[in-house]
Amino acid sequence: MAIYLTKESKVLVQGMTGAEGMKHTRRMLAAGTRVVGGVNPRKAGRTVDFDERAVPVFGSVREGVEHTGADTTVVFVPPARAKDAVVEAVDAGTALAVVITEGIPVHDSVALTAYAAARGTRVVGPNCPGLISPGRSNAGIIPPDITGPGRIGLVSKSGTLTYQLMHELRDIGFSTCVGIGGDPVVGTSHIDCLAAFQDDPDTELIVLIGEIGGDAEERAAAYIRDHVTKPVVGYVAGFTAPEGRTMGHAGAIVSGSSGTARAKKEALQAAGVRVGDTPTETARHVVAVLGGTAPDGAAR
């Protein structure tokens, strides 16, 4: 099983003919993703060859959906056009829009996520690496060859830490890894993924990666306490971040004790989550839990 993205998902790539779109479409195809078309109004009717695989280019998402039955789109368009691209995908009836684009104005992110939510389209991102169900499908820029299918579900604000945990836990493998993005406004939250992993029969353990800023991890901790029965292992990036300074993602700003890594760690531990102080220690917690032995100092 997997969440959101399966072997049957049919994927369109908005911006496929650009440099980044071309590079990552080739990688997605190599990972087994059913990429059924690209979207570029100026190049409609053409095909693009990817290692002997010809992928058609459509003039609109609606045209692509009508011709291929696509249910997913991956957005590789410039920030100024991203809101319109997502609105177009929503209006065409896609169930999932994976928005890789970074630098989207916050008011545009608010508008596009609200528009999609009101019409039943799930947005992952923006400013995210996408998601991968190893061995099944890959929508975005996550390297497909650093792990394999397995029993762990992963949700993360950080793309880099997503890759590191995938690599460190490659011998166990993952059901789905979701990079939700680190912007102040995103379409899919930690809580959304926790709920989906809780319902996925093949996900045995959930890894949650957060970072300083905001209160998403604290809200996730409350949800875990009340609704999640599967073991959860967490990591919060930013223990050494200076107070009052933005760090990395636009959402990562700390004011006083609010939003600090320590406060988030304490909230998660109070909900029964084992929290590592480093990514490698976090991976060790996962191995210990799945092996049936909790490490010294574990919260649960």
Side-chain angles (χ1 to χ4, degrees), residues 2 4-105 108-133 136-142 144 181 187-188:
Y4 305 148
L5 186 72
T6 71
K7 191 178 181 72
E8 287 71 40
S9 298
K10 295 181 179 180
V11 179
L12 291 173
V13 182
Q14 291 173 263
M16 186 184 76
T17 56
E20 290 300 305
M22 291 278 286
K23 177 174 68 176
H24 292 292
T25 297
R26 179 171 280 106
R27 290 179 177 177
M28 286 188 276
L29 285 165
T33 308
R34 297 179 69 185
V35 178
V36 295
V39 179
N40 185 330
R42 297 189 303 275
K43 298 183 179 181
R46 303 183 188 181
T47 59
V48 179
D49 291 328
F50 293 97
D51 301 323
E52 300 182 357
R53 167 76 182 275
V55 178
V57 181
F58 299 101
S60 67
V61 179
R62 185 174 298 280
E63 182 185 356
V65 169
E66 290 174 349
H67 280 79
T68 67
D71 50 32
T72 299
T73 182
V74 183
V75 180
F76 287 101
V77 304
R81 293 172 45 207
K83 182 183 76 172
D84 290 343
V86 174
V87 168
E88 180 185 350
V90 172
D91 288 345
T94 57
L96 176 65
V98 183
V99 186
I100 307 301
T101 308
E102 63 179 314
I104 298 174
D108 281 359
S109 294
V110 171
L112 72 87
T113 54
Y115 190 86
R119 290 157 179 82
T121 296
R122 175 169 298 283
V123 170
V124 173
N127 187 17
C128 77
L131 67 163
I132 181 171
S133 297
R136 300 176 179 91
S137 190
N138 183 17
I141 64 174
I142 296 175
T188 295

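What you are looking at is a predicted structure, and each value in this text was computed from that prediction instead of being measured.
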Is [Y] close to [X] at the side-chain level, that is, under 4.5 Å between some pair of heavy atoms?
X	Y	value
Val13	Met28	yes
Arg27	Asn138	no
Val98	Leu5	no
Val86	Tyr115	no
Phe50	Val35	no

Of Asn40, Val39, Thr47, the one forming a side chain to side chain contact (heavy atoms under 4.5 Å, CB included) with Lys43 is Asn40

Exactly one of Val65, Thr72, Asp71, Val74 should register a side chain to side chain contact (heavy atoms under 4.5 Å, CB included) with Leu12. Which one does?
Val65

Where [X] and [Y] come nearest, the two heavy atoms and their spacing:
X	Y	value
Ala92	Val61	CB-CG1, 3.6 Å
Ala89	Thr73	CB-CG2, 3.6 Å
Arg62	Asp91	NH2-O, 2.5 Å
Ile104	Pro126	CD1-CB, 3.5 Å
Leu131	Leu96	CD2-CD2, 4.3 Å
Phe58	Gly37	CE1-CA, 4.0 Å

Count the heavy atoms of every other residue, nucleotide or ligand shown that sit under 6.0 Å from CD of Glu102, and state whether that count exceeds 12.
no

Determine whether a donor-acceptor pair (N or O, by modelled atom type, separation under 3.5 Å) exists between the side chain of Thr101 and the backbone of Pro79.
no

Indicate yes or no for a side-chain donor-acceptor contact from Glu20 to the backbone of Phe76 under 3.5 Å, with no hydrogens or angles considered.
no

Rounded to the nearest 0.5 Å, what separates atom [atom1] in [X] from atom [atom2] in [Y]?
X	Y	atom1	atom2	value
Glu66	Glu63	CD	CD	7.5 Å
Ile132	Thr33	CD1	OG1	7.5 Å
Thr17	Arg42	OG1	CZ	7.0 Å
Arg34	Lys7	CZ	NZ	9.0 Å
Glu88	Thr94	CD	OG1	9.5 Å

Is there a side-chain contact (heavy atoms from CB on, under 4.5 Å) between Ser133 and Thr6? Walk through the geometry before answering.
CA-CA 7 Å; Ser133 297; Thr6 71; over 6 Å; no

Checking Arg53 against Leu29 for the side-chain contact (heavy atoms from CB on, under 4.5 Å) test, could you report, in this order, the C-alpha distance in whole Å, the side-chain angles of both residues, the deciding distance, and whether it holds?
CA-CA 9 Å; Arg53 167 76 182 275; Leu29 285 165; 3.3 Å; yes

